[in-house]
Every structure is written in structure tokens, then in C-alpha cells.
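Below is one structure; the comments refer to it alone.
When a ligand or atom number is given, it counts from 1 through the structure's own listing order. Quick note: residue numbers are just sequence positions, from 1.
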Amino acid sequence: MSENKLKTEIKCLSIEELKVALQEMGEKPFRAGQIFQWLHTPVTSFDEMTNLSKPLRAKLEERFLLTVPICIRKQVSQVDGTRKYLWQLHDGDCVESVLMKYEHGNTVCVSTQVGCRMGCKFCASGLFGLKRHLSAGEILDEVLFIQKDCGEPVHNIVLMGTGEPLDNYDNVLKFLHLVSCAGGIQIGQRHISLSTSGLADKIELLAQEKLQITLSISLHAPDDESRSSIMPVDKRYPVARLMQACNHYFDTTGRRISYEYMMARGKTDRPWQAERLAALLRGRPAHVNLIPLNPVKESPLQPSSRETVHKFQQILERNGITATVRRKLGPDIDAACGQLRRRTLEEGER
Ligand code: SAH
Ligand code: SF4
């Protein structure tokens, strides 16, 4: 494993970087295209790259690390086909991803970190803090190996698994380029959503990239008092600062922003909060997703009733804000993000 740490992860390289590396190895640059194609398939060893000579495969093996996640747990919903995977990475750390089957295609929800350090009070992913960032190649692996497992192409990607994507900014940006570039699996950026708890400075940085992805903000409360009590990030970037970054993002990219709003009983679901949310978003191209809270046992927060969610939605719509209530997928398997990894970690401790 220590030897692995010294090697460059080959899947993290862009085609240009691969060309340079091959030139340094005394190889023809055109090999880069062949290798790049292989790297965007779920190969498990350099020996599977059969159009390369054996000596070249051996040289690649010596110099690079080819990451291969191992599926150590899988749950398949009997209700709607949702699949949840727990992967073991090359250093033994685990992350989870989910495949959701929607009418508009197969959607994969990827993790971007092992754990998370944002500490949101309702989230199972943050319970153990941050262990490490995932590399761009490891995030790509989640997609590649799900495609392999389900035998179908993936059409959409959401960065909504464990981790705060913008806390792992460089690797996530690299992943977005790798997964959408020519020569790879080419998932169009309009088919990718990135969800963030609201790191305003990073949102502004991302705006400069002018990507076509959908930015999704986990707002969850329109007022700092409620928001900061469930999301510590609000103390660093209060709602007004966050909205300023969102304005900048829209002005720079022209992309409408999506707002995630979790319905927690007596905490975020009061009528005045719906009015406040509507006032906050008025005049901005926005879409609100109302998500019923998924209870986690460490938190006293409970989901709102269906009637309360419906009333909240009506107040928003009366104020001209479009809002949908998110359908819960995979009701018969561990639903909330981070729960499969959490359960496995707990079992390991026993
Ligand atoms: N860290 C990023 C992306 C991963 S979390 C973020 O926070 O946006 C993906 C989404 O799941 C976020 O909107 C998050 O707030 C939400 N979420 C986390 N735990 C939840 C729970 N117990 N119930 C409902 N939504 C939850
Ligand atoms: Fe991290 Fe997102 Fe969970 Fe908050 S909701 S702890 S930011 S993964």
C-alpha cells in the first residue's frame, strides 16, 4: 500500500497529461488516446489493455496506480430498482454511491470524500468527520463500476453522496472535466448536478469555470438562526453572503440554480419560513426541491408531515416560486446518504 501511495493515479490524468507522461517514458504520444479510452472503462488491470504491448503494460504498472474499487456491499430495492453500493478503495477506506432509475435515465449519486467535515446536524455522512478527499479518478470509478455492475449506461450524475464537493474543489473540478470530455464516457455537463452546503467563496470560484452543470444549494432554512443551528457552515457563510455568491454564479454562467430545502418538523417547516424563502428567491431564476427529512438516530430532528410539506409548497407557489416535493427512492433500503457506510463502520467496531 505504501508503494501505491508513491505512484501517480493514472485515472486522474487528462489526455494531455497522459501524453506528456508517455513522452517522458519514451513512448509515442498516440498511445495516450488508446490508454485514455481504456481508463474510462472498468478495467481492473493494465493487462486487460490488449492493444498495448506487454512491455508497455509492464511499464505502466510500474509507474502508475490503476484504482479499482471493490464492491463490498450492495443493496437492491425490490420496489424501484434503486441500487446502493459500498466500495472499498485501494487503501481500505469505504465510500458509497447510489444508482437511481428515473424515467429520464439512469442517475448515479457519487460520493466526493470519505466522510465530511461540515458537521450538518441531520446528516449521517458527517458523523465520523472527514477521513480524506477522493481523487478525481476515484469519483470517476464510482460511475464506471456502477455501469459495469448494472450493465446499462449512466445518463446523469449528481454529486450528492457523502462529502462536500466544494471542500474537495480541485479533484471535483478535475472529475467534472474527465467525465464530460471527449474520449471518455462523455456525460454532458447539463446532465450533471453538484450539490453544496454553501461554501460561498468556492461557488464564486466555480462560476469562473463557466461550466454547464446544475448547481444545487442545500439551503434548508431561509434564516440564519434556524440554518446555523443545523448547519455550522452558516456561521462562516450566512444566508445573505451565500445568496450573493448564487447571484454571482447565475450572472456568470446563466445557469438557473436549484435549492434543496429539507423539511424538518418545527425547525424549517413553519409558514413564515416559506414566506421568507419566497422573499429570498423572488426575482431569481430558481427551483426549490422540498425534501422530507430522513431521520438519523443521532439527531432529534423529525420529518414534517405531508400536509405541512404541501402547505409549504403552496405558499411558495402562491409567491411565484416553483417547488417540487422530491420522491423518495429505494424506500426498502438504507435511504439517507451515508447510512450504508455508517452501518458497516459500526459493525466493524463491534
Ligand atoms: N455535501 C453536499 C452534498 C452531499 S449531501 C451538500 O450538503 O449539499 C446531499 C443532500 O442530502 C444535501 O442536500 C443534504 O442536505 C441532504 N441530506 C443529508 N442528510 C439528510 C437527511 N437526513 N435527510 C434529508 N436530506 C439529507
Ligand atoms: Fe457534509 Fe452535505 Fe452531510 Fe452536510 S449534508 S455533513 S455538507 S455531506
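T162 approaches S111 most closely through the heavy-atom pair N-OG, 3.1 Å.
Atoms of ligand 2 found under 4.0 Å from any heavy atom of S197, numbered from 1 in the order shown, are 7 (S). Those atoms of ligand 1 with a heavy atom of N294 less than 4.0 angstrom away are 21 (C), 22 (N), 23 (N), 24 (C). Close approach of ligand 1 to T196 (heavy-atom distance below 4.0 Å) involves ligand atoms 6 (C), 8 (O). Counting atoms of ligand 1 from 1 in the listed order, those under 4.0 Å from a heavy atom of M262 are 23 (N), 24 (C), 25 (N).
When only interatomic distances are considered, the shortest N/O to N/O separation between E260 and ligand 1 does not fall below 3.5 Å. The distance criterion of under 3.5 Å between nitrogen or oxygen atoms is not met by L293 with respect to ligand 1.
Closest to atom 1 (Fe) of ligand 2, if we only count protein heavy atoms, is C116 SG, 2.3 Å. Nearest protein neighbour of atom 6 (S) of ligand 2, counting heavy atoms only, is C120 N, 3.6 Å.
Which of G129, G163, S125, S111 comes nearest to atom 2 (Fe) of ligand 2 through a heavy atom is settled by distance: it is G163. Ranked by closest heavy atom to atom 12 (C) of ligand 1, the top entry among P292, S216, G198, S218 is S218.
Two residues are said to be in side-chain contact when any heavy atoms from C-beta on lie closer than 4.5 Å; F36 and L178 meet this criterion. You'll find the side chain of I213 stays beyond 4.5 Å of the side chain of R190, heavy atoms only.
With a cut-off of 2.8 Å, atom 3 (Fe) of ligand 2 has an N, O or S atom of C123 in range.
A donor-acceptor contact under 3.5 angstrom links the side chains of E152 and N106, judged on distance only. Counting only N and O atoms by type, the side chains of K267 and S229 include a donor and acceptor under 3.5 Å apart.
The residues R73 and E96 are annotated as not salt-bridged, no charged nitrogen and carboxylate oxygen being separated by less than 4.0 angstrom. A salt bridge does not link D269 to K311: none of the charged side-chain nitrogens sits closer than 4.0 Å to a carboxylate oxygen.
Aromatic rings from F122 and H220 are positioned such that their centres are separated by under 6.0 Å.
Proximity of a side-chain donor or acceptor of K174 to a complementary backbone N or O of C12 within less than 3.5 Å is detected.
Using a non-hydrogen distance threshold of 4.0 Å, H220 registers as a contact of ligand 1. Distances from ligand 1 to the non-hydrogen atoms of G163 include at least one value under 4.0 Å. Contact annotation: A124 has no heavy atom less than 4.0 Å from any atom of ligand 1.
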